[in-house]
Number of protein chains: 2
Amino acid sequence: MGVRMKDIARDLGVSVITISKVLRNHPDVGDETRGRVLARVKELGYRPNLAARSLVTGRTYLVGLVVPDLLHPFFAEIAKSLSAALRKHGYYLIVSSSEEDPDLEEQEINQLLERGLDTLIIASCRSTVDLFFRIEKQNTPYVLIDRALPGLSTNFVGIDDEAVGMVATRHLIDIGCKRIAHIRGPETSPGIRRMEGYKRALAQGGLKIIEDYIIAEPKGDVETRQRGAEAMRQLLSLKTRPDGIFCFNDPLAMGAMNYALDQGLRIPEDIAVIGCGNLHYDDALSVPLSSVNQHSRRIGEEAARIALAIINSKIPPKIESVILQPELVARRSTQRHSAKQATSRARARG
Amino acid sequence: MGVRMKDIARDLGVSVITISKVLRNHPDVGDETRGRVLARVKELGYRPNLAARSLVTGRTYLVGLVVPDLLHPFFAEIAKSLSAALRKHGYYLIVSSSEEDPDLEEQEINQLLERGLDTLIIASCRSTVDLFFRIEKQNTPYVLIDRALPGLSTNFVGIDDEAVGMVATRHLIDIGCKRIAHIRGPETSPGIRRMEGYKRALAQGGLKIIEDYIIAEPKGDVETRQRGAEAMRQLLSLKTRPDGIFCFNDPLAMGAMNYALDQGLRIPEDIAVIGCGNLHYDDALSVPLSSVNQHSRRIGEEAARIALAIINSKIPPKIESVILQPELVARRSTQRHSAKQATSRARARG
DNA sequence: TAGCTTAACGGTATCGTTAACTCTATCGAA
DNA sequence: TTCGATAGAGTTAACGATACCGTTAAGCTA
């Protein structure tokens with residue numbers, strides 16, 4: 001196809017090895033020779049054949065990413081920052097979406113392993129660890145992100161999900177909510193830990209934990225927002241309805257808010273709502289939604305850093321765990337004490 | 001590392017070639033031998049080394065995708081469906097984001113070419129064709145998506161952007177708008193053609209084209225929504241303000257809507273607004289936004305089909321151009337009259 | 001001058017797979 | 001019987017790069 005080392009070597013009257021050394025910055029080459037080689041390399045537009053290089057070095061220069069949903073802005077942003085960070089070091093990212101389906105996730109991971117990767121980065125929707133033991137057997141290093149797995153001590157980058165639950169719930173307490181409900185997420189580590197944070201904040205705030213106020217994410221093959229609406233329906237049918245709701249994520253919160261608004265309730269006057277994710281359209285909603293920032297970009301960057309560290313060290317480096325702290329983003333949906341602003345848009349909604 | 005063909009061959013007392021033939025479904029193998037090989041392959045968990053395969057076949061089994069913005073749901077969905085479609089055929093997708101920057105795009109493309117790809121799929125933010133001539137010289141086939149380039153006859157998959165402009169504008173006419181404005185997108189083919197469609201629909205509807213009603217996308221390093229708000233500000237400062245607005249995309253429309261609402265205007269009563277993209281949060285906005293569906297999933301699938309066709313044909317296949325037709329999604333932001341009136345008008349128009 | 005170190009370069013084997021042949025039975029038809 | 005066709009296997013030679021080790025020449029020390 002293109003021009004090979006061999007061509008340049010013949011051209012310059014040196015050996016192929018010398019070319020190879022120049023390109024890899026090996027010291028065993030004289031300055032004059034190095035200069036001639038580099039000039040010719042540029043002139044001929046030589047590009048190394050990575051397949052050949054892979055074959056002998058055993059590296060593929062590829063990193064795989066498996067996430068539950070590539071369309072979710074949180075994961076999309078992770079993918080983007082990860083890809084950019086890897087690219088800077090000559091590595092490329094292959095992405096994969098598991099659609100929150102453990103079986104599909106396994107299939108995707110197997111396909112990626114078959115492809116041959118230097119590292120695998122996974123936000124797993126699985127609750128068991130067996131698959132990961134198998135990955136370890138295959139000698140492909142991996143980094144978990146977002147979702148930790150109990151009983152698996154491995155590299156991890158994510159947010160402190162208990163703190164997420166605490167920050168959000170404490171904010172609701174701070175604005176004066178007394179009956180705070182929680183719409184849960186899936187039964188993965190973020191879902192569990194955010195609920196724990198919610199409970200802990202309630203306890204610290206001197207509020208009782210009411211089991212009826214904790215709604216499991218409704219099942220069914222419908223959009224997340226519809227599940228949020230269904231959860232809100234359940235909450236509103238209770239004898240004493242809550243006055244504040246912490247939702248596992250923003251789409252759930254959107255669904256819940258819209259259902260409440262449709263029922264004629266006012267947000268935040270009747271019910272305050274806070275989500276998590278700080279999605280980029282949160283402030284354009286009918287009622288701008290308070291949320292908790294998850295630092296998706298940082299997660300991608302840290303995951304890239306760890307991945308490269310693993311790849312570049314001969315011996316397995318020590319296991320790293322990066323836990324980021326969440327950040328409250330307060331908007332109108334929890335703005336309990338200034339009813340002034342809730343005018344023009346509320347009217348337009350009609 | 002893992003288990004190789006050699007191991008299986010030694011194990012079974014046959015030659016490596018036979019294993020290779022079995023794995024490639026070559027006919028020159030007896031059924032009994034084939035069975036024994038497959039059984040052992042499965043038992044030992046053999047995975048082919050793609051680097052070695054690449055070296056001899058000259059294929060990398062990788063397809064590259066370059067889009068202006070990976071976080072934009074339109075492109076995210078294309079990436080997702082493309083990746084899934086390719087995976088079914090043993091190909092993998094590497095994604096790249098150019099951030100609407102032509103220079104960065106060139107850099108990303110060069111990096112991807114260096115990596116070695118079987119095909120490149122590009123939604124280009126460039127307006128010149130020179131880069132693509134260079135790509136052609138490098139012998140990497142490519143497919144353009146979403147944005148066509150004038151003077152470049154090549155494989156293309158996208159939507160009929162003139163039809164987008166016509167469908168949206170005609171809808172505004174149908175609901176009774178008389179003074180229809182347009183907030184433009186970037187100066188790429190979709191931006192230009194949608195405006196042409198807008199003008200053509202106005203002409204067909206017997207409305208005058210008023211240059212003041214055509215607002216170029218405001219510049220500046222701000223979010224798209226803020227640009228939409230700024231455009232709306234300009235429109236509202238006109239002596240006679242428009243009563244309907246077709247926006248190049250949904251984020252622009254969101255910004256425009258929110259600005260109008262904040263100014264105390266009612267949507268759709270005072271101004272009807274329609275965007276394009278049918279983003280998945282359109283119906284959760286303060287006023288659910290009418291839009292035009294761009295069939296992003298189909299675009300990804302068609303691009304994958306063409307890419308695979310190119311890869312699998314020895315001779316370059318004939319150039320394909322797939323133009324999808326847009327689809328109106330009417331929501332509250334254009335719900336001017338009762339449904340009855342709207343349909344009768346549409347019927348009257350023929 | 002012998003012996004040693006160091007800089008600069010080259011030879012050879014190898015990575016795991018496939019393409020393009022070649023070889024050898026077996027079988028049926030002439 | 002003999003010939004050729006055919007099915008099923010194997011032989012050989014790449015593919016393009018790197019690792020490992022060896023070689024050479026120059027410079028230095030004693």
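Residue numbers begin at 1 in each chain, while the letters A, B, ... track the order of the sequences.
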Using only side-chain N and O atoms of [X], determine if any of them is under 4.0 Å from OP1 or OP2 of [N].
X	N	result
Tyr46(A)	dG16(D)	no
Thr57(B)	dT18(C)	no
Arg24(A)	dA19(D)	yes
Thr18(A)	dC9(C)	no

Tyr61(B) and Tyr92(B) aromatic centres sub-6.0 Å: no
In whole angstrom, what separates [X]'s [atom1] from [N]'s [atom2]?
X	N	atom1	atom2	answer
Asn49(A)	dT17(C)	CG	C1'	14 Å
Lys6(A)	dT18(D)	NZ	C1'	15 Å
Ile8(A)	dG16(D)	CD1	P	13 Å
Ile17(A)	dA19(D)	CD1	P	12 Å
Ile19(A)	dA19(D)	CD1	P	16 Å
Leu50(B)	dT18(C)	CG	P	9 Å
Leu12(B)	dG8(D)	CG	C1'	15 Å
Arg53(A)	dA19(D)	CZ	P	9 Å

So which nucleotide from [options] ends up closest to the side chain of [X]?
X	options	value
Val29(A)	dC9(C), dA19(D), dA19(C)	dC9(C)
Val56(A)	dG11(C), dT18(D), dA19(C)	dT18(D)
Thr33(B)	dG10(D), dT17(C), dA9(D)	dA9(D)
Lys21(B)	dT17(C), dG16(D), dG10(D)	dG10(D)
Ala52(A)	dA8(C), dA17(D), dA19(C)	dA17(D)
Asp28(A)	dG16(D), dA20(C), dC9(C)	dC9(C)

Find which nucleotide of DNA chain D each of Leu55(B) and Pro27(B) is nearest to by heavy atoms, and output the residue with the more 5' nucleotide.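 Result of the comparison: Pro27(B).
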Does the side chain of Leu93(A) come within less than 4.5 Å of Ile94(B)'s, by heavy atoms? no
Could you tell me whether a side-chain N or O of Ser98(B) sits under 3.5 Å from a main-chain N or O of Leu104(B), the two making a donor and an acceptor? no
Audit row: Val67(A), Val95(A), side-chain contact (heavy atoms from CB on, under 4.5 Å) steps and yes/no: CA-CA 8 Å; Val67(A) 296; Val95(A) 292; over 6 Å; no
Compute whether any side-chain donor of one residue and acceptor of the other, for Arg87(B) and Ser96(A), lie under 3.5 angstrom apart.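 Judged by distance alone, the side chains do pair up.
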